[in-house]
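Comments concern the structure below.
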Amino acid sequence: MKQILLSFLVFFISSHSYTQSNQLGKEIIPFSMQVVNGPNISISDWSNYQGIALVFVCNHCPMAKLYWKRMQEMFERNQGRKILVVAVNPMDSLLYEEETRTKMQLKVKKEKITLPYVQDGDQSISQSFKIPHTPHCIFLWKDNKHWFVRYEGAFDNNGLHPDEAEPYLQNAINQLYSGENPTLPATESFGCRVFYRKV
Amino acid sequence: MKKTTPSLVILLLTFLLTRSVSFAQYNEVWIPPIQDASSYNLNIYDTIKQLVPTGNQTVTIGINGDFWGPTLVLHQGQNVQMNVTNYLNDSTTVHWHGMHLPAVMDGGPHQVIPPGSTWSPYWTVNNRAGFYWYHPHLHSMTAEQILKGMGGFLIVQDSEESALNLPRTYGSDDFPLVLTSRKFSSSNQIVLTDAYGDYMLVNGTRNPKLTIPKQLVRLRILNVENERGFDLGFSDNRNFTIIANDGGLLNAPMTVNRVKLMVGERIEILVDLSNETIGSTLELMAYNANQAFGFPGGEPNTTGAFGSLLNNTNFNVLHLVIGNPTQTPVVGIPSVLSNQTYWTESQATVNRTIQVTGGQPGIPFTLNNSSFALNTINYHVQLDDVEKWTLVNNQIFGHSFHIHDVQFKITSRNGSAANVGSHEQGWKDVVYLPRNENVTFVCKFNDYSDALHPFMYHCHFGQHEDGGMMGQFVVDQTNSLSELAVEKLILKPNPVEDKLFLIGLDDPEQVYYIRIFDQLGRTMYMLPKPNLTNGIDVSKLPSGNYLLELTDQQTKSIHKLRFIKK
């Protein structure tokens with residue numbers, strides 16, 4: 001009896017502190033993403049990729065702003081490995097003028113960003129992954145032609161000091177690339193909350 | 001010999017503890033920038049701050065900064081205009097805690113500022129000189145937004161206080177201190193669900209120290225804990241002098257060596273450091289060990305939702321280092337500070353009793369068994385009435401009760417005036433209501449009536465008010481204003497470049513509220529009872545089509561007008 005009670009407690013404690021891993025292992029059917037970097041570009045054919053990192057960020061969130069340089073570098077670093085890094089904006093552009101397509105395009109142009117910046121116009125991608133806030137990462141890995149969520153959480157663990165950060169997402173990508181399972185498949189992320197439009 | 005061993009151990013422990021204290025790394029406490037103007041712009045942002053010494057930054061909310069906002073000086077008798085812009089993802093409100101002003105300017109749960117919009121309240125300052133503050137008040141989000149650091153000080157000045165020989169050089173011999181604590185997650189984020197923090201922050205500074213001049217100094221102290229009370233004193237047990245409560249100066253200074261300061265309460269104290277040695281140190285302490293059951297922060301547990309490393313213990317709040325005196329130190333404490341006449345219970349024509357209810361495991365605390373509902377007005381108060389409110393707490397825990405609009409006089413505790421603390425003799429807007437006790441106060445609801453927008457009364461514990469331990473009242477008065485003759489109203493010039501004028505108003509007082517929306521329905525401006533004589537400044541709006549919604553003071557009906565911004 002005591003043991004049952006104890007395991008119950010352990011379950012409660014762990015479920016409480018283990019924050020965001022509800023997507024891990026989930027199978028994903030490839031979907032189309034509207035890229036703002038140029039006119040009418042979309043990513044819909046995933047057949048050339050082995051992995052896709054979706055980094056949910058936006059224009060105005062101060063925590064997300066810290067990650068653009070790191071995302072661009074990661075995009076360049078992983079290009080030869082058939083791994084695509086995509087920035088996805090989950091924010092409701094009807095609510096926030098700063099998150100409109102025009103403002104996203106301005107940002108990409110001004111900051112010379114070449115990694116694809118996707119507007120999730122109807123928030124359907126973000127909603128399907130239950131993105132809680134920006135920045136937040138989802139890494140999709142192809143296994144026998146099927147796509148699965150293999151990492152979820154923070155990009156790394158230091159917003160202001162990239163040199164001191166443990167690169168959670170890149171570590172997970174590297175491990176999967178070399179045929180291992182990620183040591184840390186889920187980490188805690190935080191930032192600016194995403195509010196979903198009620199339909 | 002055997003008998004002395006325990007005391008030796010205690011001595012050794014004390015020695016070790018003191019050593020660890022003296023080796024701690026202190027950070028000079030941040031003193032918020034002070035602004036003295038008739039118009040203030042407060043910009044609220046999601047931001048980050050290094051609150052944990054190593055590792056990731058903590059997500060915070062800043063007002064013109066990264067944690068806690070600027071200190072705003074207000075002058076009695078003068079108008080102040082606030083322009084509060086919300087750059088958060090979420091809605092918010094800003095409440096001017098302790099201010100006596102129209103309900104529509106009060107910043108309670110009804111004055112929601114949507115993301116991206118500017119709310120522009122204004123009022124004539126008629127509070128007494130004192131230490132007030134501003135903070136968010138969005139229902140069910142108050143705890144989170146305050147915990148993230150949203151708030152700031154208000155200092156009201158008046159001729160009475162200015163005439164006294166008191167320290168008042170901000171940051172030099174007069175220091176504002178907001179006491180609060182935080183608990184951090186494994187990724188250095190503020191834990192938003194628990195009652196107490198583990199680490200003290202003074203003005204957002206962790207391990208704080210204050211270099212303080214060797215002279216008579218003034219400390220203005222505000223408790224912005226989520227729930228914790230502080231039993232404040234100094235490490236050498238010295239006396240200090242209370243000169244003001246929530247609503248300004250007491251009639252006479254009060255000398256004590258301890259003072260309890262509960263959530264939302266302010267106290268101004270004078271501390272005489274003129275006999276100290278430069279370089280010597282002193283601790284401002286919270287003597288929170290062994291408090292009566294129900295004292296918030298007296299719980300024995302160190303972890304869990306009601307646990308904290310600071311529970312039921314005496315701990316350092318602020319490390320004081322004695323520094324050089326200023327050029328002209330203030331000497332001596334005036335024996336008379338003010339000459340206030342307080343309301344008495346016999347003057348009250350209306351009596352109300354509010355019971356603390358709920359609080360059983362899993363059930364939130366409520367007032368009179370009714371959980372806060374935005375559309376329920378709990379009381380109608382008549383303008384100019386003096387009322388007596390008795391708060392009864394037969395539940396398991398203490399609370400900090402706050403009422404908007406008024407400053408009150410605590411007239412009795414547990415039925416006797418003699419039980420009212422010597423530290424709470426002045427005007428108050430927050431009162432501590434211990435477990436198994438009751439408290440009575442008297443106040444007058446004058447100057448401002450509004451049939452639509454209510455004022456709040458509530459427990460100031462973040463999770464308690466968010467959980468519904470709040471009610472609302474409107475101050476009623478027969479309104480003699482006529483209705484708007486809307487068919488005459490036009491906006492000029494249209495299209496507009498900078499100033500938009502409303503033409504066709506018989507009386508500007510007829511306008512209760514103006515809201516401006518962009519083409520997609522985003523709120524751009526919220527202007528309660530706008531002063532229309534100089535037009536509405538729309539120069540900052542991007543060009544496009546806009547909708548202006550005008551609320552009639554008398555009927556509260558809404559009229560829509562369109563304009564084009566060039």
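In the text below, chain A, chain B and the rest are named by the order of the sequence lines, each starting its count at 1. Keep in mind the model is a prediction, meaning the values are calculated, not measured.
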I need the [X] [atom1] to [Y] [atom2] distance, nearest 0.5 Å.
| X | Y | atom1 | atom2 | answer |
| --- | --- | --- | --- | --- |
| A:R193 | B:E144 | CZ | CD | 4.0 Å |
| A:M63 | B:T58 | CE | OG1 | 8.5 Å |
| A:F190 | B:N188 | CZ | CG | 7.0 Å |
| B:Q50 | A:N158 | CD | CG | 6.5 Å |

Would you mind telling me which of B:T523, B:D90, B:D518 has the largest number of heavy-atom pairs within less than 4.5 Å of chain A?
-> B:D90
Validation row: B:D46, A:H60 side chains within 4.5 angstrom (heavy atoms) | yes
Tell me, do A:L95 and B:N89 make a side-chain contact under 4.5 Å, heavy atoms counted?
-> no
Non-hydrogen atoms of chain A under 4.5 Å away: do they reach the side chain of [X], the backbone, both or neither?
| X | value |
| --- | --- |
| B:Y45 | neither |
| B:Q189 | side chain |
| B:T54 | neither |

Are there more than 12 heavy atoms of other residues, nucleotides or ligands under 6.0 Å from atom CZ of B:F184?
-> yes
B:E28 atom CD: more than 12 heavy-atom contacts under 6.0 Å = yes
Let me know if [X] has heavy atoms under 4.5 Å from chain B in its side chain, its backbone, both or neither.
| X | value |
| --- | --- |
| A:S93 | backbone |
| A:E97 | both |
| A:F195 | side chain |

Residue pair [X] / [Y]: nearest heavy atoms and the distance that separates them:
| X | Y | result |
| --- | --- | --- |
| B:R522 | A:T100 | NH2-CG2, 3.8 Å |
| A:L160 | B:I48 | CG-CD1, 4.1 Å |
| A:E188 | B:S186 | OE1-OG, 3.7 Å |

